[in-house]
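Okay, structure first, notes after.
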Amino acid sequence: MSRPDKPKKLGQALAGALPGGVAARLPAPGLLAAWRAAVGPLVASRGRPVRLDPDGALVVAVHGAAFRQELALAAPGLVAALAGLGVRSLKLIKARAAPPPPPPEPEPPPLSAGELAELEAMVAGVRDEKVRQALLAAMSAQFRTGPDRHR
């Protein structure tokens, strides 16, 4: 297998791999970086450019009506900031819902009376009450969630 003489740009590599000219519609990395700089990290986390249409409309998928409204109000300034990269207008669309977060881990079962007595015996020699209680709480939490505990 021979190596190419020069590395290809990502757009060139994707052009042959993606159907129907999809690669040509993807926003350029420079545009994505300029977008993040123009809107800031909070808004950039909620609004993501998905394509630059041939007419210069930057299509942005936005999570949440409040951020969509904020971007609509800021659109003239954003278009001016991104005009050098071919942006002539913004088209804000509703982003697909993010997948729900995974369910929380189940609460580990409480210690049995025998387990609690064993831990209390381990810390019984600690004279300071606050330190003894802190150690007991830490050891109890560790014991409840430890890999050796049967659930």
Side-chain angles (χ1 to χ4, degrees), residues 1-113 115-116 119 123 129-151:
M1 186 167 160
S2 65
R3 296 181 71 182
D5 294 334
K6 293 188 327 185
K8 289 183 179 180
K9 291 185 176 184
L10 181 59
Q12 293 171 331
L14 291 177
L18 297 174
V22 171
R25 293 194 321 254
L26 294 175
L31 178 57
L32 296 175
W35 170 261
R36 284 190 297 273
V39 299
L42 177 63
V43 176
S45 72
R46 305 291 295 174
R48 180 179 42 86
V50 291
R51 71 177 181 271
L52 181 60
D53 286 344
D55 64 354
L58 180 61
V59 180
V60 180
V62 185
H63 289 278
F67 284 99
R68 221 174 7 260
Q69 182 178 10
E70 184 176 337
L71 286 173
L73 293 172
L78 293 172
V79 168
L82 303 171
L85 297 167
V87 176
R88 303 288 171 255
S89 64
L90 289 184
K91 180 179 179 184
L92 306 175
I93 61 172
K94 183 178 180 181
R96 292 184 180 161
E105 289 289 323
E107 186 68 26
L111 297 177
S112 68
E115 292 168 330
L116 186 55
L119 292 177
V123 298
E129 177 66 21
K130 287 183 181 179
V131 173
R132 185 172 55 252
Q133 291 302 319
L135 280 171
L136 182 60
M139 292 171 68
S140 296
Q142 177 62 35
F143 193 79
R144 286 177 63 208
T145 59
D148 297 334
R149 181 100 193 270
H150 297 291
R151 295 179 188 231

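Residue numbers run from 1 in the order of the sequence given.
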Name every donor-acceptor pair, under 3.5 Å, that has one atom in a side chain of residues 29-50 and the other anywhere in the protein, sequence neighbours excluded.
unit_1	atom_1	unit_2	atom_2	d
W35	NE1	G47	O	3.1
S45	OG	L42	O	2.6
R46	NH2	H63	O	3.3

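- The structure places CZ of R144 at 11.5 Å from CG of L119, a figure rounded to the nearest 0.5 Å.
- Using modelled atom types, no side-chain atom of D53 and backbone atom of D55 make a donor-acceptor pair closer than 3.5 Å.
- Closest approach of L78 and L90 over heavy atoms only: CD1-CD1, 3.9 Å.
- For the side chain to side chain donor-acceptor pair (under 3.5 Å) condition, the pairs that include at least one residue of residues 131-140, sequence neighbours left out, are E129-R132, E129-Q133.
- For residues 85-95, the set of pairs meeting the salt bridge (Lys or Arg N to Asp or Glu O under 4.0 Å) definition, not counting sequence neighbours, is empty.
- Note: F143 CZ to L136 CG = 12.0 Å, rounded to the nearest 0.5 Å.
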